[in-house]
Amino acid sequence: MTQADSGLVAVYPGSFDPLTNGHLDLVQRCVPLVSKLVVAVLANDTKAPLFSLDERVQMLKEVLSVYPNVEVDSFNGLLVDYARRKGARLLLRGIRAISDYEYELQMALMNRRLAPEIETMFMMAGEAHSFISSRLVKEVIRLGGNISGLVPPSVEEMLRRRLLAPGG
Ligand code: PNS
């Protein structure tokens, strides 16, 4: 499916440490609905990420380059300020289970208070992806489990090199 001609720009923010097939599923489903989707990696994260900001931006660019209306970027500071700079009227977030809801509701309401003109759109994770999280993927591969089908092959390779290489 091609992109919509609505002029609508959406920002899909996150840590993406690493990108999973759950994130990818959301991107794929959002792409036809908007004119442009900016996938934006949070730069000033308080969590210590496994992959550097550059590595995460690169992994996203590699996998998402097939979508002409997807831009990969990073941002600092308030998400709504960044969205305004990008001309975005929509923030995209995924919800997997009810446990995601509280955190997402809080963020959406805070963002609405800060920027009433920007709407948060939630998409339910696809059934096949609702159990996937970046945190669990890292834990499973670290402990020797099979993560194929949970992340794109290029990300699996990066995880193997980072977590399973001798001395890694
Ligand atoms: O993938 P994550 O870690 O759940 O993404 C969280 C993210 C990046 C969406 C959130 O931490 C964020 O928007 N940070 C930017 C700072 C900000 O705007 N905070 C106030 C909004 S509630």
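Positions are given from 1 along the sequence. Each ligand, and each atom within it, is numbered from 1 in the order the structure gives. Predicted, not measured: the structure shown is a model, and the values here were computed from it. Both backbone and side-chain heavy atoms feed into the values below; hydrogens, waters and symmetry mates do not.
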Practice task
Give the C-alpha distance, both sets of side-chain angles, the deciding distance and a yes or no for salt bridge (charged side-chain N to carboxylate O under 4.0 Å, His left out) between Glu71 and Lys36.
Solution key: CA-CA 8 Å; Glu71 177 189 327; Lys36 184 166 140 185; 2.9 Å; yes
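- Counting heavy atoms of neighbouring residues, nucleotides and ligands inside a 6.0 Å radius, atom CZ of Arg84 exceeds 12 of them.
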Could you go through ligand 1 and list every pair where one of its N or O atoms sits under 3.5 Å from a protein N or O, giving the atom names and the distance to one decimal?
from     : atom 1 : to    : atom 2 : distance (Å)
ligand 1 : 1 (O)  : Ser15 : N      : 3.0
ligand 1 : 3 (O)  : Ser15 : OG     : 2.5
ligand 1 : 3 (O)  : Lys47 : NZ     : 3.2
ligand 1 : 4 (O)  : Arg93 : NH2    : 2.9
ligand 1 : 5 (O)  : Arg93 : NH1    : 3.3
ligand 1 : 18 (O) : Leu79 : N      : 2.8

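- Using a 4.0 Å cut-off between charged nitrogen and carboxylate oxygen, Asp73 and Lys86 count as a salt-bridge pair.
- Contact between Val41 and Ser15 at its shortest, heavy atoms only, is CG1-O, 3.7 Å.
- Asn146 and Ser148 share a donor-acceptor pair across their side chains, judged by distance under 3.5 Å alone.
- Within 6.0 Å of atom OH in Tyr101, 12 or fewer heavy atoms from other residues, nucleotides or ligands are found, so the atom counts as exposed in its surroundings.
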